Amino acid sequence: MISKTLLYFQRLTRQLWLRVVLISLCSVLALALAPLLTPMLPEGLSNRFGRDAVLPILTILASGMLAVTTFSLNVMVSAYRTASSMSTPRVYRLLLEDTVTQSVLATFVGGFVYSLCAIILFRAKVYAPESAIVVFAMTIFVVALIVIAILRWIDHLSGLGSMDHTLRLIETRSRTSLKQLAKRPCLGGKPADSDEQPEDALPIPARRSGFVRFADMARLNEIAAEAGAHITMHRAPGDFVLRGRPVAWAEGGDENLCKEAAKAIEIGDVRSFDQDPVFGLALLAETAQKALSPGVNDPGTAIEVMGRLERLLWETLPEDPTEDDCMFEHVSMVPVSPKLLLDSSFAPIAHCGKEDPFVMKWMQQALTALVSHPNRELANSATDMGKELKAKP
């Protein structure tokens, strides 16, 4: 089970600025190594490749990469805004984590930083004339990286911001969350029958108002074990809680335990995919709802979304509810039920598409297929939802 420190590190690696900073630092480090590598080269090469052979290339790179970076940023922002307007505004945060876009932009910025710093060092006469050959070799390598990045960028732009690309991103991230749910329905803790307050239990209040984004189960288990207590999660990741209201219950603890446990539960303004498998399904449902709105009137997208939802539920949920291999015996929570997953995905689409017979026909086909799923709870929920849809006029 991931810890809070590792979670923050993973989130940090998804940030665009981090890759830009790392590649820029590598560029500066490569230039700093140039004087150290110069004595290792044959003397004849320095006469063939001097400053006059390197400076024109560096000047072109410095001016060209600045323009390419600015243009690429404008394209990225425009594509992400288009994707958000077509699907749902909440997908914008997922698009910002696109690794291809981050790597390409970081390469462009790194090329600009490299060439600009090299020009400054040459003009300031920090480099000896013999260092030009080393900088020339490094420049050829940087040019090769930039060419590869441009080719990747051209290929990536063909789908960036499109509905297919956006739905694929949501489905991929949702599949990861659902697979984690299948392995650990209770995030490694014990399953609880109810999230109601146990007898003689103290409330663990929320430190702020917002969505529960992450529960550090390892830390909660450590706190409870030290005090000989037991913690029951009252609000699961994805639930909204008000500041001061109970987010969990502590049996056998004291006020200090409640304060420390509250620090291990992250609450933020927006939901997260990390421990919330319902979030991805909700984003897909929102995309279908927008497609079915009178202003858009695109039932084809809604049908495609239902196909992706059907595929996700069919392929990721286990055949039978598996018992969580309890890693944290002092923490318990109510597992996410297949019924909740079905209600969060198909129910909103049914509400918006009830006037379209083709959409409802496809939904009935999807629910009929899920009725034969080996997971009995999912099959029963699909049967009940299918009967409700048929009963509605």
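Just so it is clear, the structure is predicted and the values come from calculations on it, not from any experiment. Residue indices begin at 1 and follow the sequence shown.
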Given side chains that start at C-beta, do those of Ile120 and Leu116 come closer than 4.5 Å, heavy atoms only?
yes
How far does NE2 of His165 sit from OG of Ser158, to the nearest 0.5 angstrom?
9.0 Å
Given side-chain contact (heavy atoms from CB on, under 4.5 Å), test Leu31 with Leu121 step by step and report yes or no.
CA-CA 9 Å; Leu31 292 172; Leu121 292 174; 4.2 Å; yes
Between Val334 and Leu181, is there a shared hydrophobic cluster once you connect ILVMFWY residues whose side-chain heavy atoms come closer than 4.5 Å?
no
Same cluster (ILVMFWY, side-chain, under 4.5 Å), Met138 and Ile140
yes
Just list the side-chain donor-acceptor pairs under 3.5 Å for residues 146-156, sequence neighbours left out, or say none.
from	atom 1	to	atom 2	distance (Å)
Trp153	NE1	Ser72	OG	3.3
His156	NE2	Asp98	OD2	2.5
His156	NE2	Thr101	OG1	3.4

Please examine the side chains of Phe136 and Ile57, heavy atoms only from C-beta on, and report whether any two atoms are closer than 4.5 Å.
yes
Thr172 backbone acceptor or donor facing Thr176 side chain under 3.5 Å
yes
Output all residues satisfying ring pair (Phe, Tyr, Trp, His ring centres under 6.0 Å) with Trp314, sequence neighbours left out; order by chain, then residue number.
His373
Got a sec, which pairs hit ring-ring contact (aromatic ring centres under 6.0 Å, His included) with one end in residues 174-213, sequence neighbours left out?
Phe211-Phe240
Do Arg14 and Asp274 meet the salt-bridge criterion of a basic N to acidic O distance under 4.0 Å?
yes
Can you get from Val296 to Val91 by hopping between Ile, Leu, Val, Met, Phe, Trp and Tyr side chains that sit under 4.5 Å apart?
no
When you measure from the side chain of Tyr80 to the backbone of Leu95, do you find a donor-acceptor pair of N or O atoms at a distance under 3.5 Å?
yes
Which residues satisfy the side chain to side chain donor-acceptor pair (under 3.5 Å) test with Glu329, sequence neighbours excluded?
none
Given 3.5 Å as the limit, does a donor-acceptor pair link the side chain of Thr301 with the main chain of Ala288, or not?
no
Atom CZ in Arg175, atom OG1 in Thr316: separation rounded to 0.5 Å?
7.0 Å
Between Lys259 and Asp254, is there a donor-acceptor pair closer than 3.5 Å when you use the side chain of the first and the backbone of the second?
no
N/O donor-acceptor pairs under 3.5 Å from side chains in residues 337-353, not counting sequence neighbours:
from	atom 1	to	atom 2	distance (Å)
Ser337	OG	Leu340	N	3.2
Lys339	NZ	Asp343	OD2	2.8
Ser344	OG	Leu340	O	2.8
Ser345	OG	Leu341	O	2.8
Ser345	OG	Leu342	O	3.2

Just jot down the salt bridge (Lys or Arg N to Asp or Glu O under 4.0 Å) partners of Lys263, sequence neighbours excluded, or say none.
Glu260
Could you tell me if the side chain of Leu187 sits less than 4.5 Å from the side chain of Phe328, heavy atoms only?
no
Identify whether Leu105 and Val21 are in the same connected component of the hydrophobic contact network (ILVMFWY, side-chain heavy atoms under 4.5 Å).
no
Thr69 (side chain) donor-acceptor with Leu66 (main chain) under 3.5 angstrom:
no
What side-chain hydrogen bond (donor to acceptor under 3.5 Å, both in side chains) pairs are there with at least one residue in residues 361-372, not counting sequence neighbours?
none
Please confirm whether the backbone N or O of Gln10 pairs with a side-chain atom of Thr13, one donor and one acceptor, at under 3.5 Å?
yes
Counting N and O atoms only, with roles assigned by atom type, does the side chain of His330 sit under 3.5 Å from a partner on the main chain of Leu220, one being a donor and the other an acceptor?
no
Taking the side chain as C-beta and beyond, is there a heavy-atom pair between Glu171 and Leu167 under 4.5 Å?
no
Is there a donor-acceptor contact under 3.5 Å from the side chain of Asn375 to the main chain of Leu317?
no
The single option from Asp239, Leu178, Leu283, Val336 that satisfies side-chain contact (heavy atoms from CB on, under 4.5 Å) with Val278 is Val336
Applying side chain to side chain donor-acceptor pair (under 3.5 Å) to Ser332 and not counting sequence neighbours gives His230, Thr232
Any chance CG of Asp200 has more than 12 other-residue heavy atoms, nucleotides or ligands included, within less than 6.0 Å?
no
Do Ile23 and Leu16 belong to the same hydrophobic cluster, where Ile, Leu, Val, Met, Phe, Trp and Tyr are linked whenever their side-chain heavy atoms lie under 4.5 Å apart, directly or via other members?
no
Has Arg311 got more than 12 heavy atoms of other residues, nucleotides or ligands less than 6.0 Å from its CZ?
yes
Is any side-chain heavy atom of Asn221 less than 4.5 Å from a side-chain heavy atom of Met327?
no
Who pairs with Arg90 by side chain to side chain donor-acceptor pair (under 3.5 Å), at least two apart in sequence or on another chain?
Thr88, Glu286
Test side chain to side chain donor-acceptor pair (under 3.5 Å) applied to Glu304 - qualifying residues, sequence neighbours left out
Arg308
Pairing residues for Glu310 by the salt bridge (Lys or Arg N to Asp or Glu O under 4.0 Å) criterion, not counting sequence neighbours
none
Start with the C-alpha gap between Arg235 and Glu266, add the side-chain angles, then the distance that decides, and say whether salt bridge (Lys or Arg N to Asp or Glu O under 4.0 Å) holds.
CA-CA 11 Å; Arg235 297 292 185 182; Glu266 180 190 5; over 6 Å; no
Please step through side-chain contact (heavy atoms from CB on, under 4.5 Å) for the pair Leu389 and Met360, ending with a clear verdict.
CA-CA 8 Å; Leu389 294 178; Met360 298 310 297; 4.0 Å; yes
Just by modelled atom types, is the Val75 backbone N or O under 3.5 Å from a matching donor or acceptor in the Ser78 side chain?
no
Calculate, to the nearest 0.5 Å, the distance between atoms OG1 and CG belonging to Thr166 and Leu94 respectively.
9.0 Å
I want to check something: taking the side chain as every heavy atom from C-beta on, are Lys290 and Asp298 in contact at a cut-off of under 4.5 Å?
no
Report the C-alpha separation of Arg208 and Asp269 in whole Å, then their side-chain angles, then the decisive distance to 0.1 Å, and conclude whether the salt bridge (Lys or Arg N to Asp or Glu O under 4.0 Å) test is met.
CA-CA 10 Å; Arg208 55 172 299 187; Asp269 297 331; 2.6 Å; yes
Per the side-chain hydrogen bond (donor to acceptor under 3.5 Å, both in side chains) rule, which among Gln102, Gln15, Arg173 passes with Glu97?
Arg173
Donor-acceptor pair, side chain of Asn380 and main chain of Arg376, under 3.5 angstrom:
yes
Is the shortest side-chain heavy-atom distance between Ile267 and Arg207 below 4.5 Å?
no
One should read off an interatomic distance between Tyr8 OH and Phe214 CZ, to the nearest 0.5 angstrom, of 8.5 Å
The reported gap from CD1 in Ile204 to CD1 in Ile231 (rounded to nearest 0.5 angstrom) is 4.5 Å
OG1/Thr107 to CE/Met65 distance, rounded to the nearest 0.5 angstrom?
10.0 Å
Val135 side chain near Thr139 side chain, heavy-atom distance below 4.5 Å
yes
Which pairs, with at least one residue in residues 258-306 and sequence neighbours excluded, count as a ring-ring contact (aromatic ring centres under 6.0 Å, His included)?
Phe273-Phe279
